[in-house]
S.K.: 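Structure incoming, see below.
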Amino acid sequence: MLFNSVEFAFFFPIVTVLFFLTPHKLRWLLLLMASCVFYMYFQPIYILVLALIIVIDYIVGIQIEKQESKKKKQAILIFSILANLGVLFIFKYFNFLAHNINYAIDVLKVEGRVPILNVLLPIGLSFHTLQAMSYTIEVSRGKFKAEKHFGIYALYVMFYPQLVAGPIERPQNIIPQFHEKKYFNYHNAKIGMILIAWGLIKKVVIADRLGGFVNQVHSMPSDYYTGIPLIISYIAFPFQIYCDFSGYSDIAIGCAKVMGYDLMANFKTPILQKNINKFWATWHISLTSWFRDYAYLPIRKKWFPKTGIWLSIFVVLVLSGIWHGADWTYIIWGLMNAILVIIYNSLKHKKYFTAITNRMNTWVSICVTYAFIFYTLIFFRSSSVIKAFQFSINMFKNIGSQIQLILKNEHSERLNLLYIKQSFLDFTLGILSIILLIYFESKFKNNNIDSWIFTKSKRFRWTFYYSLLAIFIVFGVFKKSEFIYFQF
């Protein structure tokens with residue numbers, strides 16, 4: 001079920017009202033049933049895949065805690081990890097590997113083919129997998145007691161607000177909250193509704209409007225566009241994916257907050273960071289912190305204590321690329337980010353580098369940082385590596401002649417000359433939405449809209465609320481488009 005759908009507009013208030021009317025001892029059951037309905041709205045049959053993972057890890061958590069031998073605990077944990085990654089591999093990575101093996105077979109002209117599986121990727125499988133693995137790893141480390149209540153553990157994996165696109169929670173944060181009795185709290189409800197509204201604005205008004213143009217550019221043959229349309233797409237897509245994904249996180253956190261549950265922050269104004277380190281510290285925090293705790297730190301401290309820092313960074317960011325998708329475009333995206341982070345960390349203590357960066361205006365630093373980050377996202381968005389490289393080359397072609405065409409023709413003709421199908425109004429609204437987004441988020445603290453709005457007068461707050469509603473109704477793109485991160 002999509003957050004930006006009519007169905008969810010009924011689902012959320014009904015579930016929330018029933019939640020507060022239901023006795024505390026049965027609330028886990030209500031939320032679990034609601035989460036099943038929410039998930040089965042997409043692909044009903046894949047609820048069985050999720051159930052299999054839940055049953056395995058529930059049993060594994062209890063068995064790990066029973067063992068006194070460290071070797072036995074590790075053996076059981078390894079079984080759990082292999083089971084989780086095995087399911088993920090079959091649905092997400094098997095065909096990618098098969099295609100590459102078959103390509104190598106063709107090149108080498110040898111006999112044999114690897115069969116291609118006719119399966120769809122269950123929505124949010126990568127998120128479920130990491131969250132489930134986090135539980136068993138924390139239990140094996142002795143940092144969390146195994147959850148004995150099967151329903152509560154199942155709810156930990158299936159809690160509907162963050163079920164299909166995170167935030168990727170840790171058991172220490174969310175499981176204890178499921179045991180606590182929750183009461184309706186007006187302040188929590190107010191914060192939650194503000195986050196939901198802001199998330200919907202980012203998704204429906206900004207992301208989907210920008211997505212119309214970005215999708216148009218990337219759906220055409222690689223030599224169809226040159227120059228200005230590609231530059232616009234280069235700038236627009238990062239804002240599209242940020243508003244799409246952070247919008248989902250805002251709605252998820254807001255829905256949970258209304259019921260009294262606190263999910264971890266997933267974004268902290270990453271679009272306003274001055275260097276690549278700060279960007280990664282504020283972008284998709286639940287994923288980067290997961291890789292930090294379970295990949296970066298073990299490599300850095302345990303396996304390669306003296307030389308592991310660059311290797312750790314490299315492994316974590318390449319893994320991040322692989323996690324996002326089974327395609328060379330994502331692997332190259334992760335590799336490029338790893339190189340950027342390593343180069344920056346190699347230079348940041350050099351006198352000549354600090355001399356240059358200290359002289360930079362804040363906004364200049366932000367623009368320079370994002371010039372590189374935006375370029376990596378060309379590979380993230382492109383359907384193939386070849387198209388990504390062609391995009392990079394064609395982006396600098398025919399700019400001069402296109403500018404001359406624009407200057408010589410009427411406003412209504414300019415977009416048509418560039419083969420842009422969006423209306424001039426849509427295009428203008430897209431640009432204005434980016435400007436307003438940057439302005440408002442520059443006022444927030446840690447991406448918290450409530451930290452800003454609650455400092456304002458009552459009259460300002462209610463004017464702002466009604467303005468958001470008007471913007472949503474008048475300028476929203478209501479096409480029930482899926483969130484980008486559903487595919488991961």
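Throughout, residue positions are numbered sequentially from 1 according to the sequence presented.
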S.K.: Of the non-hydrogen atoms in Tyr234 and Phe391, which two are nearest, and what is the gap between them?
M.R.: N-CZ, 4.1 Å

S.K.: Report the C-alpha distance between Tyr46 and Leu125 in whole Å, list the side-chain angles of each, state the deciding distance to 0.1 Å, and finish with yes or no for side chain to side chain contact (heavy atoms under 4.5 Å, CB included).
M.R.: CA-CA 10 Å; Tyr46 286 142; Leu125 184 61; over 6 Å; no

S.K.: Return the orientation label for the Phe150 and Tyr58 ring planes: parallel under 30°, perpendicular over 60°, tilted otherwise.
M.R.: perpendicular

S.K.: So how far is it from Phe10 CZ to Ser5 OG, rounded to the nearest 0.5 Å?
M.R.: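 Spacing of CZ (Phe10) from OG (Ser5) equals 10.5 Å.
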
S.K.: According to side chain to side chain contact (heavy atoms under 4.5 Å, CB included), who are the partners of Thr16, at least two apart in sequence or on a separate chain?
M.R.: Phe12, Phe20, Val258, Met259

S.K.: Using a cut-off of 6.0 Å, state whether more than 12 heavy atoms not belonging to Met33 lie near its atom CE.
M.R.: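 Result for CE/Met33: open.
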
S.K.: Is Tyr135 reaching over with its side chain to a backbone N or O of Phe144, donor-acceptor style, under 3.5 angstrom?
M.R.: no

S.K.: Please check: side-chain N/O of Lys72 versus main-chain N/O of Lys66, any donor-acceptor pairing under 3.5 Å?
M.R.: no

S.K.: Could you grab the distance from atom CZ of Phe8 to atom CG of Leu2, nearest 0.5 Å is fine?
M.R.: 10.0 Å

S.K.: If you count every heavy atom of other residues, nucleotides or ligands that lies below 6.0 Å from Ile45 atom CD1, does the total exceed 12?
M.R.: no

S.K.: Enter the distance from Ser467:OG to Trp462:CH2 here, rounded to the nearest 0.5 Å.
M.R.: 12.5 Å

S.K.: Are Lys268 and Gln273 side-chain neighbours, meaning at least one heavy-atom pair lies under 4.5 Å?
M.R.: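 Answer no - side chains too far apart.
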
S.K.: Report yes if the side chains of Ile152 and Ile175 come closer than 4.5 Å at any heavy-atom pair, otherwise no.
M.R.: yes

S.K.: Would you name the heavy atoms of Gly254 and Leu195 that are closest together and state the gap between them?
M.R.: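 Result for this residue pair: CA-CB, 3.9 Å.
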
S.K.: Tell me if a side-chain donor or acceptor on Ser140 pairs with a main-chain N or O of Ile137 at a distance below 3.5 Å.
M.R.: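 Yes, Ser140 side chain to Ile137 backbone: donor-acceptor pair under 3.5 Å.
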
S.K.: Quick check: are there more than 12 heavy atoms from other residues, nucleotides or ligands sitting under 6.0 Å from NZ of Lys148?
M.R.: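 Above 12, so yes.
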
S.K.: With distance as the sole test, does Arg461 use its side chain to make a donor-acceptor pair with the main-chain N or O of Ile453 at under 3.5 Å?
M.R.: no

S.K.: Can you see which heavy atom on His218 is nearest to which on Ser382, and at what distance?
M.R.: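 Closest approach of His218 to Ser382: CE1-OG, 3.8 Å.
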
S.K.: Is there a donor-acceptor contact under 3.5 Å from the side chain of Glu65 to the main chain of Val139?
M.R.: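 No: the side chain of Glu65 does not pair with the backbone of Val139.
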
S.K.: Would you call Leu48 and Leu52 a side-chain contact if the rule is heavy atoms closer than 4.5 Å?
M.R.: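 Side chain of Leu48 against side chain of Leu52, heavy atoms only: no contact under 4.5 Å found.
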
S.K.: Quick check: does any side chain N or O of His128 sit under 3.5 Å from a backbone N or O of Leu163, one acting as donor and the other as acceptor?
M.R.: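 Side chain of His128 to backbone of Leu163: a pair is present.
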
S.K.: Using 30° and 60° as the class limits, which term best fits the ring planes of Phe89 and Tyr93: parallel, tilted or perpendicular?
M.R.: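 Phe89 and Tyr93: parallel rings.
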
S.K.: Please test Thr288 against Ser320 for side chain to side chain contact (heavy atoms under 4.5 Å, CB included), starting from the C-alpha separation and ending with a verdict.
M.R.: CA-CA 8 Å; Thr288 53; Ser320 178; 5.9 Å; no

S.K.: Report the C-alpha separation of Lys92 and Asp327 in whole Å, then their side-chain angles, then the decisive distance to 0.1 Å, and conclude whether the salt bridge (charged side-chain N to carboxylate O under 4.0 Å, His left out) test is met.
M.R.: CA-CA 10 Å; Lys92 189 168 184 176; Asp327 199 297; over 6 Å; no

S.K.: Report yes or no: do Gln216 and Tyr224 form a side-chain donor-acceptor pair below 3.5 Å?
M.R.: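 No, no side-chain donor-acceptor pair sits under 3.5 Å.
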
S.K.: Measure the shortest side-chain to side-chain distance between Leu437 and Cys243 over non-hydrogen atoms and say whether it is less than 4.5 angstrom.
M.R.: yes

S.K.: For Ile386, is the CD1 atom crowded, meaning more than 12 foreign heavy atoms sit under 6.0 Å from it?
M.R.: no

S.K.: Is the shortest side-chain heavy-atom distance between Pro161 and Phe38 below 4.5 Å?
M.R.: no

S.K.: Below 30° counts as parallel, above 60° as perpendicular, anything between as tilted: where do the rings of His187 and Phe454 land?
M.R.: tilted

S.K.: Check whether Ser80 reaches the backbone of Ile76 with its side chain - one donor and one acceptor, N or O, closer than 3.5 Å.
M.R.: no

S.K.: Measure the spacing between CG of Leu50 and OG1 of Thr129 and express it to the nearest 0.5 Å.
M.R.: 9.0 Å

S.K.: Quick one: CG on Leu155 to CZ on Phe178, what's the gap to the nearest 0.5 Å?
M.R.: 4.0 Å

S.K.: Carefully, step by step, assess Phe389 and Phe379 under the rule ring pair (Phe, Tyr, Trp, His ring centres under 6.0 Å).
M.R.: CA-CA 8 Å; Phe389 280 115; Phe379 288 83; 5.1 Å; yes

S.K.: Do Ile47 and Met158 make a side-chain contact, defined as non-hydrogen atoms from C-beta onward lying under 4.5 Å apart?
M.R.: yes

S.K.: Grab the two heavy atoms, one from Tyr225 and one from Val217, that are nearest each other, plus how far apart they are.
M.R.: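 Nearest heavy atoms, Tyr225 then Val217: CE1-CA, 3.7 Å.
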
S.K.: Report yes if some heavy atom in the side chain of Ile116 is under 4.5 Å from a heavy atom in the side chain of His99; otherwise report no.
M.R.: yes

S.K.: Please determine, by modelled atom types, if Glu169 and Gln162 share a side-chain donor-acceptor pair under 3.5 angstrom.
M.R.: no

S.K.: Look at the side chain of Asp244 and the backbone N and O of Gln240, then say whether any donor-acceptor pair between them is shorter than 3.5 Å.
M.R.: no

S.K.: Parallel, tilted or perpendicular: which one describes the rings of Phe267 and His284, with boundaries at 30° and 60°?
M.R.: parallel

S.K.: Apply ring pair (Phe, Tyr, Trp, His ring centres under 6.0 Å) to the pair Tyr160 and Phe11, showing each step before the final yes or no.
M.R.: CA-CA 11 Å; Tyr160 87 81; Phe11 175 88; 5.1 Å; yes

S.K.: For Ile123 and Gln43, which heavy atoms make the closest approach, and how far apart are they?
M.R.: N-OE1, 3.2 Å

S.K.: Report yes or no: does Lys182 contribute a side-chain atom to a donor-acceptor pair with the main-chain N or O of Gly260 at less than 3.5 Å?
M.R.: yes

S.K.: So, for Pro171 and Ser134, which heavy atoms are closest and what is the spacing to 0.1 Å?
M.R.: CD-OG, 3.6 Å

S.K.: Can the ring centres of Phe159 and Trp28 be said to be less than 6.0 Å apart?
M.R.: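 That pair fails the under 6.0 Å test.
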
S.K.: Would you call the rings of Tyr153 and Tyr156 parallel, tilted or perpendicular, taking 30° and 60° as the class edges?
M.R.: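 Plane angle between 30° and 60°, so tilted.
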
S.K.: What is the ring orientation for Trp333 with Trp280, classed by angle as parallel under 30°, tilted 30 to 60°, or perpendicular over 60°?
M.R.: tilted

S.K.: Just verifying a value: how many Å separate Leu130 CG and Leu85 CG, rounded to the nearest 0.5 Å?
M.R.: 8.5 Å

S.K.: If we only count heavy atoms from C-beta on, is the Asn266 to Tyr248 side-chain gap below 4.5 Å?
M.R.: no

S.K.: Give a yes or no answer on whether the side chain of Arg209 reaches the backbone of Gly430 with a donor-acceptor pair at less than 3.5 Å.
M.R.: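 Looks like no, no N/O pair under 3.5 Å.
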
